[in-house]
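This chain uses plain numbering: 1 for the first residue, then up along the sequence.
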Amino acid sequence: DNFGANTIHIIDSFMIFAGGRLDTFYKVCSKYDYTYLGNYIPQGRGQSELSSISFPLFYQTDSSGAKIFLQDRENLTIKTFNITKSVKKRRTVFDNENIDIKNLPGLKTLYPINDTLFFLHYFNYRNNKECYALLNSDTQIPLYTDTIYNNSISSRGNIFLWNTFGSINYNKKRYVTAMQFFNQINIYNIDTRNALTIIPNNTQTQIKEVEETLMPEKMEYYEDLISTDSQIWALYANKNRKDWATQENISTEIHVLDWDGNPLVKFILPQKINKIALDEEQKILY
């Protein structure tokens, strides 16, 4: 009854499906008994609407409820969808705590480090490079900016090749990304600015090779990533785009690492898995 959902999130006591409907973007259920709790965020340009689906930049739970922070690209703001209030009132509720991102073109993700600092992952359109930055949220001035990769893609039309799935560990001050078109996981220390790359099977992907490979034959490696305070869980396809899109009788893997990059477990799944979500409280992987 949620046909077409393209991702799933476990936030506080809620199970949230994104996509699959034409009139609303999010379906919410209870994670305890899967009770349907409503569909939220209608498509549109009104105060309680979004013009297109937006995937969470980050989650937060405080005394006012469980919240998802979503990028409103049309108005260049980050809006706060209050799930708890929306379920209680049976209508979409956005809190009045928008974050202005007009001066942050190319933003891919943003995480609040404290009351005055944001960690950013963004694409720099001036030099076609991926960057990390620590930003003073009051002044909008970066305290530092690091270019992630030494080699840039040759064409802005290939921005999609830098597609990653990311997660942050606030306690360890580390940010992890799993790359879709490159065979690697990257762990970045926000305090020390040191980076670590994990390459499965010691098979490193070359940028030029990826750019020159025809689209159906381009390899897709990681398809999703989630994390806990002690572990990183990354969904691994390792298939070319044609096979990944058209074949159903294929297997996938989940790579589990600690935050120092050490491999802990590899699950080999005998079916095609597209997205994963973890309920830490009940110790359930979806």
What orientation do Tyr144 and Tyr188 show, parallel under 30°, tilted 30 to 60°, or perpendicular over 60°?
tilted

Testing the basics here: between Ser167 and Trp259, what is the closest heavy-atom pair and its distance to 0.1 Å?
O-CH2, 4.1 Å

Within this structure, what is the CG-CG distance for the pair Leu278 and Leu285, rounded to the nearest 0.5 Å?
6.0 Å

Please answer whether the main-chain N or O of Ser251 pairs with a side-chain N or O of Lys272 as donor and acceptor at a distance below 3.5 Å.
no

Within a strict 4.5 Å, meaning less than it, do heavy atoms of the Ile68 and Ile16 side chains meet?
yes

Per the side-chain contact (heavy atoms from CB on, under 4.5 Å) rule, which among Ile232, Leu196, Asp191, Asp260 passes with Arg174?
Asp260

Using atom types as modelled and distance alone, determine if a side-chain donor or acceptor of Thr116 lies under 3.5 Å from a backbone N or O of Asn136.
no

For the aromatic rings, using the six-membered ring if either is Trp, is the centroid distance between Phe181 and Tyr221 under 6.0 Å?
no

Tightest non-hydrogen contact, residues Leu110 and Ile99, listed as CD2-CD1, 4.5 Å

Who are the side-chain hydrogen bond (donor to acceptor under 3.5 Å, both in side chains) partners of Thr92, not counting sequence neighbours?
none

Got more than 12 heavy atoms from elsewhere within 6.0 Å of NZ, Lys102?
yes

Considering only heavy atoms from C-beta outward, does the side chain of Phe14 approach that of Thr84 to under 4.5 Å?
yes

Gln47 and Lys79 have their tightest heavy-atom pair at O-NZ, 2.9 Å

Among side-chain atoms of Asp100 and Thr77, is any donor-acceptor pair under 3.5 angstrom?
no

Donor-acceptor under 3.5 Å (Asp146 side chain, Ile148 main chain):
no

Sole residue of Phe267, Tyr222, Trp233 in side-chain contact (heavy atoms from CB on, under 4.5 Å) with His255:
Tyr222

Is a side-chain donor or acceptor of Ser86 paired with a backbone partner of Val93 at a separation under 3.5 angstrom?
yes

Please examine the side chains of Leu257 and Gln231, heavy atoms only from C-beta on, and report whether any two atoms are closer than 4.5 Å.
no

If you group Ile, Leu, Val, Met, Phe, Trp and Tyr by side-chain heavy-atom gaps below 4.5 Å, do Leu104 and Leu143 land in one group?
yes

Check: Arg241 and Glu217 side chains under 4.5 Å, non-hydrogen atoms:
no

Approximate separation, where rounding is to 0.5 Å, of Lys239 NZ and Glu220 CD
11.0 Å

Give me the atom names and distance for the closest heavy-atom approach of Leu161 to Phe182.
O-CE1, 3.4 Å

Measure the spacing between CG of Leu269 and CG of Leu235 and express it to the nearest 0.5 Å.
7.5 Å

Looking at OG1 of Thr246 and CD of Glu248, how far apart are the two atoms once the value is rounded to the nearest 0.5 Å?
8.5 Å

Salt bridge check, Glu97 against Lys67: does any charged N sit closer than 4.0 Å to a carboxylate O?
yes

Tell me which pairs pass side-chain hydrogen bond (donor to acceptor under 3.5 Å, both in side chains) where either residue lies in residues 274-286, with sequence neighbours left out.
Lys31-Asp279, Lys31-Glu281, Tyr32-Glu281, Tyr34-Tyr286, Asp279-Gln282

Decide whether Asn201 and Thr203 meet the rule of one side-chain donor and one side-chain acceptor closer than 3.5 Å.
no

As a quick check of understanding, evaluate side-chain contact (heavy atoms from CB on, under 4.5 Å) for Phe58 and Ile168, giving each step before the final call.
CA-CA 9 Å; Phe58 61 95; Ile168 198 166; over 6 Å; no

Parallel, tilted or perpendicular, as decided by the 30° and 60° cut-offs, for the rings of His9 and Tyr26
tilted

Pair Thr205, Gln184: side-chain N/O donor-acceptor within cut-off below 3.5 Å
no

pair Trp244-Thr252: side-chain heavy atoms closer than 4.5 Å:
yes

Under a plain distance cut-off of 3.5 Å, with no hydrogens placed, do Ser64 and Asp62 share a side-chain donor-acceptor pair?
yes

Take a 6.0 Å sphere around CZ of Arg90 and say whether it holds more than 12 heavy atoms from other residues, nucleotides or ligands.
yes

Please determine whether residues Ile10 and Ile226 belong to a single hydrophobic cluster, defined as Ile, Leu, Val, Met, Phe, Trp and Tyr linked transitively by side-chain heavy-atom distances below 4.5 Å.
no

Report the C-alpha distance between Gln140 and Leu135 in whole Å, list the side-chain angles of each, state the deciding distance to 0.1 Å, and finish with yes or no for side-chain contact (heavy atoms from CB on, under 4.5 Å).
CA-CA 6 Å; Gln140 296 283 299; Leu135 181 78; 4.2 Å; yes

Would you check if the side chain of Arg73 reaches a backbone N or O of Ser54 as a donor-acceptor pair within less than 3.5 Å?
no

Are the aromatic rings of His121 and Tyr111 close, with centres under 6.0 Å apart?
no

Are there more than 12 heavy atoms of other residues, nucleotides or ligands under 6.0 Å from atom CG of Asp115?
no

Taking the six-membered ring where the residue is Trp, are the ring centres of Tyr132 and Phe119 under 6.0 Å apart?
yes

Would you kindly say whether Asn183 and Tyr236 are connected by a side-chain donor-acceptor distance under 3.5 Å?
yes

Can you tell me if Glu130 uses its side chain to pair, donor with acceptor, with the backbone of Thr147 under 3.5 Å?
no

Working note: Leu107 + Phe123, criterion side-chain contact (heavy atoms from CB on, under 4.5 Å); need CA distance, chi angles, decisive distance, verdict.
CA-CA 6 Å; Leu107 179 68; Phe123 184 81; over 6 Å; no

Rounded at 0.5 Å granularity, tell me how far CE in Met179 sits from CG in Leu225.
12.5 Å

Linking I/L/V/M/F/W/Y whenever any side-chain heavy atoms sit under 4.5 Å apart, do Met15 and Ile284 land together?
yes

State plainly whether one hydrophobic cluster holds both Val210 and Phe160, where clusters connect Ile, Leu, Val, Met, Phe, Trp and Tyr through side-chain heavy atoms under 4.5 angstrom apart.
yes

Between Glu49 and Arg45 (side chain of the first, backbone of the second, donor and acceptor by atom type, cut-off under 3.5 Å), is there such a pair?
yes

Distance-minimising heavy-atom pair for Thr109 and Tyr175:
CG2-OH, 3.3 Å

Are the side chain of Thr164 and the backbone N or O of Gly166 linked by a donor-acceptor pair below 3.5 Å?
no

Could you report the tightest heavy-atom contact between Phe55 and Ala18, atom names first, then the distance?
CE2-CB, 3.9 Å

Side chains of Asn186 and Val176 in contact at under 4.5 Å (non-hydrogen atoms)
no

Do side-chain atoms of Asp258 reach the backbone of Asn262 as a donor and acceptor pair under 3.5 angstrom?
yes

Would you confirm whether Thr80, through its side chain, and Asp95, through its main-chain N or O, come within 3.5 Å as a donor-acceptor pair?
no

Apply side-chain contact (heavy atoms from CB on, under 4.5 Å) to Leu70 and Ile41, showing your working.
CA-CA 11 Å; Leu70 301 164; Ile41 311 185; 3.5 Å; yes

Quick check for you: to the nearest 0.5 Å, what is the distance between Leu57 atom CG and Ile101 atom CD1?
7.5 Å

Could you check, using the six-membered ring where one of them is a Trp, whether Phe69 and Tyr59 have ring centers closer than 6.0 angstrom?
no

In one Ile/Leu/Val/Met/Phe/Trp/Tyr side-chain cluster, 4.5 Å: Ile273, Val256:
yes

Do Ser30 and Thr35 have a side chain donor and acceptor closer than 3.5 Å?
no

